[in-house]
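Reviewing the structure listed below.
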Protein chains: 4
Amino acid sequence: MRFFSDNTASACPEVLGALGVVNHGRAKSYGDDEWTRQLDEKFGEFFGTDVRAFVVVTGTAANSLSLATLTPPYGVVFAHEGAHILNDECGAPEFYSGGGRIVGVPGANGKLTVETLGRVLDELHVSVHSMQPAAISLTQATELGTSYRPEEIATLSALARRHRLHVHMDGARFANSLEFLGCSPADISWRAGVDVLSFGATKNGALAAEAVVFFNRDLVRDFELRRKRAGHLISKSRYVSAQLLAYLADDVWRRNAARANSLARQVGMAAGAALLYPVEANELFLKLGAEGKKQLREAGFEFHPWGGEASGNTRFVVSWDQPESDVAALCKALRERT
Amino acid sequence: MRFFSDNTASACPEVLGALGVVNHGRAKSYGDDEWTRQLDEKFGEFFGTDVRAFVVVTGTAANSLSLATLTPPYGVVFAHEGAHILNDECGAPEFYSGGGRIVGVPGANGKLTVETLGRVLDELHVSVHSMQPAAISLTQATELGTSYRPEEIATLSALARRHRLHVHMDGARFANSLEFLGCSPADISWRAGVDVLSFGATKNGALAAEAVVFFNRDLVRDFELRRKRAGHLISKSRYVSAQLLAYLADDVWRRNAARANSLARQVGMAAGAALLYPVEANELFLKLGAEGKKQLREAGFEFHPWGGEASGNTRFVVSWDQPESDVAALCKALRERT
Amino acid sequence: MRFFSDNTASACPEVLGALGVVNHGRAKSYGDDEWTRQLDEKFGEFFGTDVRAFVVVTGTAANSLSLATLTPPYGVVFAHEGAHILNDECGAPEFYSGGGRIVGVPGANGKLTVETLGRVLDELHVSVHSMQPAAISLTQATELGTSYRPEEIATLSALARRHRLHVHMDGARFANSLEFLGCSPADISWRAGVDVLSFGATKNGALAAEAVVFFNRDLVRDFELRRKRAGHLISKSRYVSAQLLAYLADDVWRRNAARANSLARQVGMAAGAALLYPVEANELFLKLGAEGKKQLREAGFEFHPWGGEASGNTRFVVSWDQPESDVAALCKALRERT
Amino acid sequence: MRFFSDNTASACPEVLGALGVVNHGRAKSYGDDEWTRQLDEKFGEFFGTDVRAFVVVTGTAANSLSLATLTPPYGVVFAHEGAHILNDECGAPEFYSGGGRIVGVPGANGKLTVETLGRVLDELHVSVHSMQPAAISLTQATELGTSYRPEEIATLSALARRHRLHVHMDGARFANSLEFLGCSPADISWRAGVDVLSFGATKNGALAAEAVVFFNRDLVRDFELRRKRAGHLISKSRYVSAQLLAYLADDVWRRNAARANSLARQVGMAAGAALLYPVEANELFLKLGAEGKKQLREAGFEFHPWGGEASGNTRFVVSWDQPESDVAALCKALRERT
């Protein structure tokens with residue numbers, strides 16, 4: 001019973017099926033096919049505004065490429081100290097930006113706050129001797145499975161604007177937050193001040209497909225050239241674009257996210273006092289201790305420690321395709337433990 | 001009737017079908033799944049030697065990442081002046097190497113020769129003021145649809161070794177050359193002195209899957225870190241590795257290549273004196289002139305000019321899935337033109 | 001009365017005079033002159049071991065170029081959170097390394113300690129997803145004007161070795177520490193485990209001359225190419241090498257440092273309880289408060305706030321050429337304030 | 001008798017003397033001193049227009065840093081195939097631009113022409129797959145000791161503008177061309193369409209001082225940050241700025257250049273038919289053959305072969321401080337040889 005990560009999940013039938021549907025004839029390549037050409041329109045409908053949308057195959061590429069358009073080589077991106085771009089991408093943003101820097105900022109529940117970010121920005125001494133503030137990056141859902149509320153994003157964006165910083169969002173689990181919040185996609189993106197969004201689909205049912213959605217379209221040409229130059233412009237682009245189209249259509253994204261979120265909530269309730277953060281997406285962080293971890297592992301549950309094995313803390317991620325029996329067993333094991 | 005490129009082709013049923021076969025359960029991610037773990041063994045069998053094989057989704061990534069392991073930031077890679085890495089990748093090798101340089105070398109039929117490359121290497125004045133020779137890169141099949149013979153590769157590799165250069169091969173159409181030559185994979189790779197091979201599958205039936213095959217395994221760890229850092233380590237790795245496994249199994253690669261090559265040869269024969277280079281893979285270069293191009297386009301054939309519209313030269317690429325009717329019609333049109 | 005920094009100082013007569021001495025005839029360029037060719041030997045004598053020594057004109061160049069030889073593009077350098085390489089070089093190490101990262105580590109009195117650095121190193125989770133630990137960088141004298149003792153450096157180096165990290169020293173004020181400690185140059189460099197040293201001369205009497213001294217000589221060729229590539233190989237090299245030769249000869253470095261250190265100690269004693277850190281070089285950090293700062297500024301003293309104007313803390317740097325009257329006046333002002 | 005290069009020359013007394021003049025007191029650092037603050041004005045007077053002028057210590061730094069402000073990482077700079085930036089800087093422009101490319105263009109006498117450059121620009125197929133044309137770089141005097149006439153520069157600049165390219169000039173020997181041409185500095189810089197000029201002083205009498213002069217001032221802030229980040233912002237800036245001020249004052253630049261040019265012309269006349277290119281600065285290229293080279297070397301003349309020892313061609317550079325006896329002896333040897 002594997003709760004390692006939602007990137008262990010399979011692809012959902014709607015997305016996998018779409019590959020077969022487009023698999024006919026000789027389609028123009030490098031984004032000039034009829035499916036890729038629909039992305040701007042479909043994402044525009046989804047977000048309720050004009051956008052430019054581009055497809056890449058990993059979240060790291062989506063984040064790094066979009067950040068590289070927002071920051072000069074001597075630029076600084078401010079992100080939560082637990083952010084994926086800071087800790088889990090082998091320095092991809094540094095590589096793509098040509099030597100930029102990510103500065104980690106603390107904040108409860110995995111969130112930047114106007115207080116913590118504001119303090120860091122206020123204390124900056126910017127001169128020719130220092131790297132230059134360029135952008136902030138918010139993660140939605142956060143690395144701790146919480147979700148920024150629309151007004152939290154808007155307030156942080158406004159703070160960023162006052163400091164002349166761009167706003168990027170790492171939305172690897174954007175769908176899970178969106179489903180949890182029940183708001184419109186606009187509410188937690190452009191309307192709240194986001195310039196560029198890494199819109200994840202892979203974790204929530206695609207094989208390998210993420211969109212980079214530009215609400216601020218000035219930097220689009222730079223992005224396109226950087227994407228090609230990085231080997232992230234897919235030649236048979238129809239097979240990645242088709243995944244995104246299927247994912248957006250018929251609320252596939254929502255159904256997958258809703259299922260994962262709902263099952264995660266069940267686990268969260270079963271976990272009781274062991275729960276470290278509110279369950280606002282499909283991830284759970286549980287304080288199990290050495291003994292609790294051992295018991296669950298012996299019972300066949302696979303999960304990652306969090307913050308080092310010694311901490312006794314753990315992360316469980318519920319995938320869109322997680323069997324209900326896995327979840328029921330986990331809930332039972334957690335309840336009996338309590 | 002589309003002869004633009006083999007990257008307009010669809011995916012072959014064996015490869016597409018493999019995606020469905022692996023689409024069950026929660027598989028470990030980032031290359032730790034049971035399919036990705038087979039790559040070293042399967043490619044080792046294919047090449048008849050121990051190798052390390054890694055999957056990426058584009059040829060540009062395969063080429064740039066492998067070249068980056070072979071050259072320091074101040075290094076020079078020598079390649080044919082028509083090479084894809086020099087002309088068609090928006091400077092990806094420069095980006096990945098941190099500012100390296102590709103030096104184009106002339107040579108008939110798209111091939112480097114011991115004479116042309118030797119002359120360039122002999123004339124180098126290497127000092128602290130110059131960039132440092134680091135590697136050569138051979139393209140198999142070449143950009144002009146010709147194939148290096150095993151002894152040509154071996155002689156070029158020996159020349160490279162004498163100058164202490166690594167040997168890279170861009171094998172975006174490796175299968176087409178291999179089928180044309182009828183030799184073993186070893187004969188045109190490690191046995192002929194190749195250190196690292198970009199082994200293409202996308203153009204010949206996969207959706208998006210290329211292998212980077214290391215025969216010289218010293219630089220593997222550097223490659224793995226650079227791949228992750230570039231966003232080319234796929235999270236749901238099973239879906240790309242499965243493509244490569246299916247492609248290698250049951251001679252799929254050979255059947256697809258043989259079909260494309262054979263159809264291309266038919267076109268080549270029909271082209272008669274218009275044929276610019278020998279047909280040794282699945283590409284054709286035809287001198288059609290302005291009038292010839294116009295006629296064929298009006299007859300519904302899609303193809304690229306080559307060397308500028310003004311030259312009157314053209315490129316036709318026959319895909320593995322090209323309808324025989326397309327080819328018959330093209331042959332007929334070419335013959336009637338002659 | 002200017003106490004901003006020792007880089008406001010003039011050049012000492014011995015160093016300036018040396019420029020005239022070498023200013024005759026047409027000398028070979030780019031380091032092939034008779035003066036530059038003496039650097040290895042003279043620095044070897046100074047350090048009591050075989051070294052390779054190279055000259056550059058800024059400390060930022062010395063630090064960044066030497067760090068770039070010690071870390072891959074995906075590497076991490078651990079340094080004190082107040083380190084110049086982290087805060088005052090506009091991201092030079094990131095630029096030179098091709099996207100590496102400096103991780104700031106806390107520690108009292110501007111020093112890394114085995115406890116604080118050890119904790120950071122022990123908590124690392126190194127995988128293909130993380131940047132790779134590559135080196136530590138120690139600053140001697142530290143940014144707070146303190147000096148590492150030989151055994152402190154040796155213990156930190158040993159810790160670094162256990163984690164397979166290289167050891168770099170930023171010695172912009174190396175002479176000041178050396179004079180303060182009264183030990184041999186070897187004791188706080190190679191004998192204590194330092195691989196590469198940025199040996200400063202500019203602040204202590206040169207016009208613009210810093211040496212990069214390699215005790216571990218494996219990486220020298222890489223350094224030389226990176227230096228040229230960065231535009232830091234001076235064509236008329238005699239004029240920078242002559243500065244270093246004059247600086248090393250006849251204990252010029254020591255006399256200049258001794259004077260600055262001694263005057264700084266006088267100020268330190270005068271400061272009494274306002275002194276924030278022990279005076280172990282030529283810098284002083286004083287808690288003056290808003291009123292104290294105002295009084296001193298009105299009395300004609302120029303100095304920098306430290307940690308923001310609001311903190312009330314200040315930095316005074318005593319230069320090798322500081323007039324005694326400046327120092328006497330400052331001491332008097334500080335004593336009367338107390 | 002050393003004719004290797006003008007970077008073997010000594011510093012002229014006016015420049016060296018200026019170092020002593022500024023060597024008093026504690027001057028503000030990093031360009032905030034009274035001498036550096038004069039650079040804009042003095043260079044503005046020299047060029048007859050408003051400029052921003054910055055000092056660095058090498059031509060490589062001046063060229064690379066200014067080119068980096070003119071080209072994105074995926075940009076192409078077009079330069080003569082013999083250009084220093086292409087052949088003699090170990091890839092510095094590639095490094096500074098983050099992976100840009102220099103494309104060498106042929107042209108007689110070391111000059112780009114509207115024909116050769118125009119052909120290259122016209123044949124470009126710019127798309128997302130190609131690197132993007134960004135700038136041209138002209139060398140004045142050229143690498144073959146010739147000088148662009150004002151109208152040649154203006155015509156090339158106009159061609160560049162039509163292709164939306166910036167114009168950079170590598171003026172390592174700007175003074176020599178200016179003296180030869182007898183025109184105003186404006187005529188061969190901003191008035192002829194140059195955006196940024198690397199204005200050399202080192203070869204013509206300074207110790208180590210080059211100016212980067214921005215006529216197009218939009219990119220100045222980017223330059224300043226890149227310069228600091230590269231370790232090329234000198235802390236004791238007075239000592240480099242003073243060199244430039246002395247060099248500009250009282251026609252020092254002109255006297256030095258005039259002397260070197262005049263002596264070079266004498267050698268050129270003595271060389272007779274061996275002279276390969278017109279002498280329009282202070283460099284001579286002579287076809288001496290193996291025997292001629294041998295004779296001259298045995299007679300005590302030091303010079304570089306040009307285009308490989310085998311070619312029999314040679315380069316002689318006359319420095320501003322070349323003894324007349326050297327020149328007389330060389331003229332005599334050349335005449336007797338003829």
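A note on names: the letters A, B, ... follow the listed sequences, proteins ahead of strands, and every chain is numbered from 1.
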Ranked by heavy-atom pairs below 4.5 Å to chain A, first place among D/G98, D/G31, D/G99, D/P73 goes to D/P73
Please tabulate, one pair per line, the donor and acceptor atoms of chain D and chain A that lie under 3.5 Å from each other, or say none if there are none.
residue	atom	partner	partner atom	Å
A/P73	O	D/R229	NH2	2.8
A/Y74	OH	D/D222	OD1	2.3
A/G98	O	D/R229	NH2	3.2
A/G99	O	D/R229	NH2	3.1
A/H129	ND1	D/K228	NZ	3.4
A/D222	OD1	D/Y74	OH	2.3
A/K228	NZ	D/H129	ND1	3.4
A/R229	NH2	D/P73	O	2.8
A/R229	NH2	D/G98	O	3.2
A/R229	NH2	D/G99	O	3.1

In terms of heavy-atom contacts, D/V128 and A/L233 come closest through CG1-CD2, 4.0 Å
Could you work out, with side chain to side chain contact (heavy atoms under 4.5 Å, CB included) as the rule, every residue matching A/A211, not counting sequence neighbours? A/F43, A/F199, A/V213, A/L244
Side chain, backbone, both or neither: which part of A/P72 has a non-hydrogen atom closer than 4.5 Å to chain D? neither
